[in-house]
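One structure is given below, encoded as C-alpha cells.
Remember, it's 1-based here, ligands and their atoms both numbered in the order they're listed.
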Amino acid sequence: MSYLSYVMTMPGLETLAFGEVRARIADAELVKFSRGIALFRTDIAPAELLELRTAEDVFVALAHIKGLGPGRNALRAVHGATLNADVTQALTLWRRAHHGSLPRSWRVVSQKWGSHEFRRIDAGDSVGAALQRMLPRGMRQVKDDADIEFWIWISGSEAFIGVRLSDASMRHRNYKHEHLPASLRPTVAAAMSLLSRPTSDDVVLDPLCGAGTILIERALAEPYETLLGGDLRPEAVGMARRNARAANVDARIETWDARDLSLEPASVTRIITNLPFGKQIGTHEQNVKLYMDLVQEFQRILTPDGLLVALTSEDRLWETALRKHGWRVSKKVVLVVLGQPASIFVAARA
Ligand SMILES: C[S@@+](CC[C@H](N)C(=O)[O-])C[C@H]1O[C@@H](n2cnc3c(N)ncnc32)[C@H](O)[C@@H]1O
C-alpha cells in the first residue's frame with residue numbers, strides 16, 4: 001500500500017520538513033515542493049507523521065491538480081478531481097490518526113493565491129458539492145468546529161485537495177501556555193534546532209530566549225548535555241521558566257545581558273537564538289551596535305568547533321557582523337516570519 005501525503009510548513013521550511021519526514025520514514029519519496037508544501041509518497045500511513053516538529057499540518061492527499069486555468073472551468077476540474085478521490089481510504093487514515101473515533105461533522109477549508117475568475121469560497125463549494133455525494137449520510141456539513149476538515153489550496157495553476165490529519169496542537173504545542181509579542185512559532189524553533197546538528201554532548205545556549213521556545217524545541221528534539229538561556233527582561237525569564245516546566249524540560253534560565261554573559265570562555269557548543277528584528281523589539285539603529293557586540297560575546301563563549309544558528313530579518317547587518325569577526329556562514333534558510341522575510345543563518349568560527 002502506498003500513500004500520497006503532504007505537509008504544510010511555514011514558507012521556506014519545506015525542504016527541512018521533508019528532511020524530517022525522511023529521517024522518520026526512510027523510503028519517503030518526494031513528489032513535489034510548492035510554497036509551504038511538501039508532497040510525498042510513503043509505504044507507511046501518514047498518521048505516523050503527526051510527531052513531526054517542523055510541519056504545521058499533515059494531510060493525506062486526495063488530489064494534486066496541475067495546469068488549472070484562471071477561468072471558472074477550474075471549478076469543474078476541482079469538482080471532478082474530488083469525485084475521483086479515494087475518500088474512503090482518507091476516512092480510514094483520519095480514524096487511525098484519531099484513535100478510531102468516527103467523524104460526525106465535516107467542513108471545507110479553502111485557501112487561494114493568484115488571480116482567478118472565481119473566489120476562494122467557490123473553490124471550497126466545488127469540493128463540498130462533490131463530498132456531499134461521497135461522504136456517509138450520517139456525516140453533517142458544518143461551517144466551524146468540524147470533526148474532519150477537507151482543505152483545498154490553490155496557488156496559480158496548481159491545487160492540492162487533502163484531509164487534515166493533524167489538529168492545532170501540532171503547531172501550537174501543548175507546553176506553550178504563555179506568549180510574548182515577538183514569540184517564535186514552535187515549528188521555526190524546531191527547524192533552527194535541526195539546523196544546529198544536535199548531538200547528545202551539546203551545551204546549548206539561547207542568550208535572548210524570550211518565552212523559551214527555542215530551548216524547549218531543542219530539548220524535545222534530541223538528548224543534550226545542558227540547556228542554558230536568558231533574557232534582559234525578567235518577565236520573559238519568568239515566562240520561559242514556566243513554559244519549560246510545562247514541557248518537562250530542565251533548563252537554567254537567567255536574567256542577563258547577552259552582551260556580557262556570566263559564562264566561561266569556550267563553554268558552549270551550540271548557540272541557537274532569535275535576534276531582535278528591530279521592529280517589535282529594539283530598533284535598527286540599536287541593532288547596528290547590538291549585533292556587533294553579540295557576535296563578539298558569542299565568539300568568546302562558543303567552543304572553536306561550535307555552531308551558531310541565528311534568525312533575523314536584518315540579514316545584511318548580521319552578515320556584516322559575522323564577517324567582521326571572521327565567521328563563516330555554512331547555510332542560510334530564507335523564510336517568512338511574522339509576515340516579513342527573515343533568514344536563519346548557520347555559522348561557525350573560521
Ligand atoms: C525576538 S525575541 C525572542 C523571542 C523568543 N525566541 C520567543 O520565542 O519568545 C528577542 C528577545 O531578546 C531580548 N533581548 C533584547 N536585547 C537583549 C540583550 N541585550 N540581552 C538579553 N536579551 C535581550 C528581548 O527581551 C526579547 O525577549
Shortest protein contact, [atom] (heavy atom only):
atom                    : value
atom 5 (C) of ligand 1  : C209 O, 3.5 Å
atom 15 (C) of ligand 1 : P276 CG, 3.8 Å
atom 20 (N) of ligand 1 : A258 N, 2.9 Å
atom 23 (C) of ligand 1 : L208 CD2, 3.5 Å
atom 2 (S) of ligand 1  : I281 CD1, 3.8 Å

Inset, instruction - Measure the acute angle between the ring planes of W113 and W153, then classify it against the limits of 30° and 60° as parallel, tilted or perpendicular. - result: tilted

Below 4.0 Å from ligand 1: does a non-hydrogen atom of [X] turn up there or not?
X    : value
P207 : yes
F277 : no
T273 : no

Legend entry - Qualifying salt bridge (Lys or Arg N to Asp or Glu O under 4.0 Å) pairs, either residue in residues 204-227, two or more places apart: R53-E217, R173-E217, D202-R218

Inset, instruction - Answer side chain, backbone, both or neither: which part of A240 comes under 4.0 Å from ligand 1, heavy atoms only. - result: neither

Inset, instruction - Between D206 and ligand 1, find which residue part has any heavy-atom pair under 4.0 Å and reply side chain, backbone, both or neither. - result: neither

For the 3.5 Å polar cut-off, considering only N or O atoms, please tell me whether [X] and ligand 1 meet it.
X    : value
A211 : yes
I214 : no
G212 : no

Legend entry - Shortest heavy-atom approach to atom 25 (O) of ligand 1 - which of D257, N274, L232, D231: D231

As an exercise, identify every atom of ligand 1 less than 4.0 angstrom from a heavy atom of [X].
X    : answer
L275 : 1 (C)
W256 : 20 (N), 21 (C)
G210 : 5 (C), 9 (O), 27 (O)
S183 : 7 (C), 8 (O), 9 (O)

Legend entry - Pairwise side-chain contact, H325 with M292, heavy-atom cut-off 4.5 Å (strictly under): yes

Legend entry - Pair R300 + E297, salt bridge at N-O below 4.0 Å: yes

Are the side chain of [X] and the backbone of [Y] linked by a donor-acceptor contact shorter than 3.5 Å?
X    : Y    : value
K332 : V334 : no
T82  : V78  : yes
R171 : D57  : no
H116 : G156 : yes

Inset, instruction - Is it possible for you to check whether K32 lies under 6.0 Å from the centre of the six-membered ring of Y6, through NZ or CZ, and within 45° of that ring's axis? - result: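 Judged by the rule (NZ or CZ under 6.0 Å from the ring centre, within 45° of its axis), K32 is not positioned above Y6.
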
Inset, instruction - Run through the side-chain heavy atoms of Ile, Leu, Val, Met, Phe, Trp and Tyr, join any pair under 4.5 Å, and report what else lands in L102's cluster. - result: none

Inset, instruction - Test side chain to side chain contact (heavy atoms under 4.5 Å, CB included) on F40 and I25 and set out the steps. - result: CA-CA 11 Å; F40 51 90; I25 305 178; 5.9 Å; no

